[in-house]
Visitor: 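What follows is a structure written as structure tokens; I'll ask about it next.
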Amino acid sequence: MIITITPNPAIDIAYFIEDFKIDNIHKVSKIFKTAGGKGLNVSKVLKILGSDILATGFLGGNSGNYIRNELERIGIKNKFIDTDGETRTTYSINDNLNGTTTEIREAGPNISKSENEEFFEYLSSMDDEGNIFACSGSLPNGLDSGFYDRMLDILENNKVIIDTSGANLRHIVFDAKKKPYAIKPNIDEIRDLFGEKIDSMSKRELLEQEAFKNIPIVIISLGKDGCVAKIHNKYYECKVPKIEAINPVGSGDSSIAGLAYSISNDLSEVATLKYSMACGVLNALEEEIGHINIDNLESTLEKIVVNEI
Ligand code: ATP
């Protein structure tokens with residue numbers, strides 16, 4: 001089973017507004033309201049891929065109930081820990097006329113010590129060698145990078161994928177004693193970690209960083225340019241087909257879904273990269289975040305080129 005962990009889920013509200021201007025009143029031409037947060041985007045794509053999944057994390061208040069109902073409706077098994085606070089809402093204002101996206105993000109509820117303990121008790125009960133875990137997105141208030149240390153400790157016999165950024169990614173890459181099985185930073189997150197020096201490095205040098213030594217899979221995603229990746233001791237570059245992207249938000253989450261799917265199906269290294277990239281490409285072709293058209297999977301896989309570097 002693949003267990004997705006979303007520490008800080010959100011109701012994602014996407015407004016489509018033509019010619020959005022600050023200090024003005026606007027009519028919304030289209031609205032999407034979805035159960036979101038990076039881990040839930042991963043869950044939705046895994047569900048479309050047909051994986052056996054369970055979603056966990058923290059949910060609270062009316063927004064939490066909305067997300068639970070949505071997950072039931074789309075048939076995603078879930079077991080979230082209840083929090084006293086209210087699950088957050090995030091808003092994006094998409095202006096197709098000017099090609100801008102403005103995002104407003106709430107921080108999320110405060111997780112108490114006892115809620116955190118309850119989560120780790122639950123996680124311990126899921127520690128089974130066959131299970132794969134994918135933990136994505138920001139941490140709510142009350143949790144710090146020690147959350148990942150404890151998670152990696154409890155799940156040391158499992159394959160754990162972590163997709164995070166900023167100080168938490170820094171902690172995992174440079175400081176954590178136990179390492180995840182896979183990470184998928186994008187190039188901006190890599191620049192945050194290593195600074196401008198990465199601009200003068202070759203792709204291979206970038207992947208050969210000492211800090212990645214104990215992380216078996218490192219995929220550095222490059223948006224429309226695909227990715228470069230290290231899988232065990234091999235190094236790869238992947239090119240994806242040129243597309244007219246509709247909404248690339250969530251493509252990183254979709255590529256995590258492709259990665260988790262490939263690990264759970266024991267696919268080859270090349271196939272793993274192809275699935276991961278194809279899910280990202282297919283998400284970019286949809287308006288809805290965390291959605292892929294499965295009918296186009298095979299043809300997209302065929303167009304992805306993977307070379308060893
Ligand atoms: P997010 O945080 O929005 O989920 P990300 O920054 O983590 O995304 P990206 O590098 O943007 O991740 O995208 C992940 C993968 O999705 C890419 O490696 C690529 O395969 C695919 N992808 C993303 N954007 C495009 C695009 N415009 N055209 C083709 N493929 C894309």
Side-chain angles (χ1 to χ4, degrees), residues 2-10 37-43 54-60 64 78-88 90 105-129 131-186 188-190 192-195 209-219 252-253 256 259-260:
I2 301 172
I3 292 121
T4 60
I5 300 169
T6 314
N8 205 6
K38 293 176 86 62
L40 292 186
N41 297 338
V42 176
S43 313
L54 183 133
T56 184
F58 300 95
L59 283 175
N78 60 89
K79 168 80 177 80
F80 281 81
I81 305 305
D82 280 317
T83 69
D84 274 347
E86 181 82 17
T87 290
R88 67 199 174 123
T90 68
R105 299 178 161 269
E106 294 177 2
N110 199 64
I111 304 300
S112 69
K113 276 210 164 80
S114 63
E115 289 162 355
N116 199 18
E117 285 310 312
E118 203 186 325
F119 173 75
F120 283 119
E121 255 171 51
Y122 177 62
L123 208 59
S124 304
S125 75
M126 300 304 287
D127 167 24
D128 176 319
E129 259 185 53
N131 284 343
I132 291 155
F133 292 79
C135 179
S136 301
S138 64
L139 295 181
N141 290 327
L143 303 184
D144 60 21
S145 51
F147 176 84
Y148 295 104
D149 293 330
R150 189 128 174 236
M151 182 170 80
L152 290 166
D153 210 28
I154 291 172
L155 301 176
E156 67 177 335
N157 297 318
N158 300 92
K159 290 177 173 157
V160 181
I161 304 168
I162 296 181
D163 184 19
T164 188
S165 57
N168 291 326
L169 179 62
R170 177 170 288 280
H171 175 78
I172 288 160
V173 168
F174 293 115
D175 305 323
K177 290 206 175 63
K178 295 203 172 132
K179 299 291 185 191
Y181 184 68
I183 58 173
K184 190 225 62 69
N186 65 27
D188 295 330
E189 289 156 354
I190 289 292
D192 275 356
L193 282 186
F194 299 105
Q209 310 262 2
E210 183 65 21
F212 294 149
K213 217 178 91 201
N214 295 320
I215 305 176
I217 300 183
V218 177
I219 298 179
D253 306 331
I256 293 280
L259 173 64

Visitor: Determine the minimum heavy-atom distance between Asp253 and Val42, stating which atoms define it.
Guide: O-CG2, 3.5 Å
Visitor: List the atom of Lys38, the atom of Gly137, and the distance in Å for their closest heavy-atom pair.
Guide: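 Heavy-atom minimum between the residues: CD-CA, 3.7 Å.
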Visitor: Quick one: pull up OG in Ser112 and CG in Leu143 and give me the separation to the nearest 0.5 Å.
Guide: 9.5 Å
Visitor: Where is the tightest heavy-atom contact between Leu40 and Thr6, given as atom of each residue plus distance?
Guide: N-OG1, 3.3 Å
Visitor: Can you tell me if CG on Asp84 sees more than 12 non-hydrogen neighbours from other groups inside 6.0 Å?
Guide: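 Atom CG in Asp84 is not crowded, with 12 or fewer foreign heavy atoms closer than 6.0 Å.
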Visitor: Distance from Leu123 atom CG to Met151 atom CE, nearest 0.5 Å?
Guide: 7.5 Å
Visitor: Using a strict threshold of under 4.0 Å (side-chain N to carboxylate O), is an ion pair present between Glu117 and Arg150?
Guide: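 So Arg150 pairs with Glu117 through a salt bridge.
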Visitor: Does any part of the side chain of Tyr181, heavy atoms only, come nearer than 4.5 Å to the side chain of Ile132, both counted from C-beta?
Guide: no
Visitor: Indicate yes or no for a side-chain donor-acceptor contact from Asn158 to the backbone of Phe133 under 3.5 Å, with no hydrogens or angles considered.
Guide: no
Visitor: Search all heavy atoms of Gly39 against all heavy atoms of Ser136 and return the closest pair with its distance.
Guide: N-CB, 3.6 Å
Visitor: Output the distance between atom CD1 (Ile5) and atom CZ (Phe119), rounded to the nearest 0.5 Å.
Guide: 4.5 Å
Visitor: Can the ring centroids of Phe58 and Tyr122 be said to lie less than 6.0 angstrom from one another?
Guide: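 Centroid distance Phe58-Tyr122: not below 6.0 Å, so no.
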Visitor: Would a 4.5 Å heavy-atom cut-off, applied to side chains only, mark Ser125 and Lys79 as touching?
Guide: no
Visitor: To check you understand the geometry: which heavy-atom pair defines the closest contact between Ile2 and Ala260, and what is its length?
Guide: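 Heavy atoms only, the tightest pair is CD1-O, 3.7 Å.
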Visitor: Which heavy-atom pair separates Ala10 from Thr90 by the least distance, and what is that distance?
Guide: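 In terms of heavy atoms, the two residues are closest at CB-CG2, 3.9 Å.
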Visitor: Are Ile183 and Phe212 side-chain neighbours, meaning at least one heavy-atom pair lies under 4.5 Å?
Guide: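 A side-chain contact exists here, since the closest heavy-atom pair is under 4.5 Å.
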Visitor: When you measure from the side chain of Arg170 to the backbone of Leu193, do you find a donor-acceptor pair of N or O atoms at a distance under 3.5 Å?
Guide: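 Judged by distance alone, yes, a pair lies under 3.5 Å.
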Visitor: For His171 and Asp149: C-alpha separation, side-chain torsions, deciding distance, then whether side chain to side chain donor-acceptor pair (under 3.5 Å) applies.
Guide: CA-CA 9 Å; His171 175 78; Asp149 293 330; 2.9 Å; yes
Visitor: What is the distance from atom SG of Cys135 to atom CD1 of Ile172, rounded to the nearest 0.5 Å?
Guide: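 Reported to 0.5 Å precision, the distance equals 7.5 Å.
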